[in-house]
Amino acid sequence: MSLNIRKLHPLFVGEVTGIDLTKPLSRDDAAAIESAMDDYAVLLFPKQDITDEQQLAFAMNFGEREDPHGGSVAKAADARLTTGVNDVSNLGPDGKPLPRDNRVHLFNLGNCLWHSDSSFRPIPAKFSLLSARIVNPKGGNTEFADMRAAYDALDDDTKAEIEDMICEHSLMTSRGALGFLDYTEEEKQMFKPVLQRLVRTHPAHGRKSLYLSSHAGAIQGMSVPEARVLLRDLTEHATQPAFVYVHRWTQHDLIMWDNRQTMHRVRRYDQSQPRDMRRATVAGDAPTVAQQAAE
Ligand code: OGA
Ligand code: MN
């Protein structure tokens, strides 16, 4: 059976069938998927009952694995999963939903805010591949926004105004927006802000995207309140329903998205019940802007 893609939204998002992700990919299929990613920005692969190893092997067709260090307050020693995938579940090492007041759980709620993965890293992520192992019974849809379409729809004055803006991104900004404010000295060091362009250009097709994320909390050369008002306005614009695809998960769906041209968020779900989602992350290959020396 050969690869087939059906469009799920007028602007972006394709559903890919005719491929088995438990098997190594042919060079042609890998190239076809990479090129479909450039175009669709989000691809759904339904009915892919895969192991963590198979998920990582599939992801590695598109680049290196991103080093997960510095992306969480969870201690590596307490990890539920040791296979190399990111644990995006609500589960503790015992396989049960984390207590409501658990610090890692509270930190992970940041995924409910619109973001682009690893925009808090000097070299942010390229692709993320999220596999649904256990679907939560209530809520937990994941939403994606097309940041190319959002950029295109800006008026010319705004495009000119923001073209060269540089933002500061930190995990403490997104978590801080939810009232998560207490960090150890080590975490403060780890979560120090990094710089990202506000407008980025896709390396394959050259379309521009609004590079927004809840991690963004400041813009160079602007007061913080003015920057945050602008970032809020742009985010509101970029996440209007016309630019958003809502995904209702079925077990064994795998969704792959391009963090360079989309944002995403998960909606609230029943925290007393499991939601087991696992993410393989493909590292980016360049910063969006030169980083300044620290401080
Ligand atoms: C992620 C993420 C959303 C979800 O894996 O990067 O934001 O639906 N996940 O769990
Ligand atoms: Mn994410």
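In what follows, residues are counted from 1 in the order of the sequence shown. Both ligands and their constituent atoms are indexed starting at 1 by order of listing.
Taking the six-membered ring for Trp and the full ring otherwise, the centers of Phe45 and Phe58 sit less than 6.0 Å from each other. Residues Phe180 and Phe107 place their aromatic rings such that the two centres sit under 6.0 Å apart. Taking the six-membered ring wherever Trp is involved, the centroid distance between the rings of Phe144 and Trp257 falls below 6.0 Å. With ring centers used as reference points, His115 lies 6.0 Å or more from Phe120.
With a heavy-atom cut-off of 4.0 Å, Arg265 does not touch ligand 1 at all.
For ligand 1 and His264, the ligand atoms under 4.0 Å from any heavy atom of the residue are 1 (C), 2 (C), 6 (O), 7 (O). Close approach of ligand 1 to His115 is summarised as follows: ligand atoms under 4.0 Å from at least one heavy atom of the residue are 7 (O). Heavy-atom proximity to Val266, at under 4.0 Å, picks out these atoms of ligand 1: 3 (C), 4 (C), 8 (O). For ligand 1, the atoms closer than 4.0 angstrom to any heavy atom of Asp117 are 6 (O).
Distances under 2.8 Å from the Mn ion (ligand 2) pick out the protein N/O/S atoms His115 NE2, Asp117 OD1, His264 NE2.
Applying the side-chain hydrogen bond (donor to acceptor under 3.5 Å, both in side chains) definition to pairs two or more places apart or across chains, those involving residues 163-175 are Ser119-His169, Glu163-Lys208, Asp164-Arg197, Ser174-His215.
For the pair Thr142 and ligand 1, the shortest N or O to N or O distance falls below 3.5 Å. Ligand 1 has no N or O atom lying under 3.5 Å from any N or O atom of Trp249, backbone or side chain. For a threshold of 3.5 Å applied to N or O pairs, the pair formed by Trp257 and ligand 1 contains no separation below that value.
One N or O on the side chain of Ser26 and one on the backbone of Asp29 form a donor-acceptor pair closer than 3.5 Å.
Exactly one residue among Arg148, Arg207, Gln261 makes a side chain to side chain donor-acceptor pair (under 3.5 Å) with His202. That residue is Gln261.
Under the side chain to side chain contact (heavy atoms under 4.5 Å, CB included) criterion, Ala30 pairs with Leu25, Asn61, sequence neighbours left out. Applying the side chain to side chain contact (heavy atoms under 4.5 Å, CB included) criterion to Arg232, with sequence neighbours excluded, gives no partner residue.
In terms of protein heavy atoms, atom 1 (C) of ligand 1 is closest to Arg279 NH1, 3.4 Å. The protein heavy-atom contact nearest to atom 10 (O) of ligand 1 is Arg275 NH1, 2.8 Å.
Remark: the Asp38 side chain and the Ser35 side chain contain no N/O donor-acceptor pair separated by less than 3.5 Å.
Remark: Arg80 engages Asp276 in a salt bridge, criterion side-chain N to carboxylate O under 4.0 Å.
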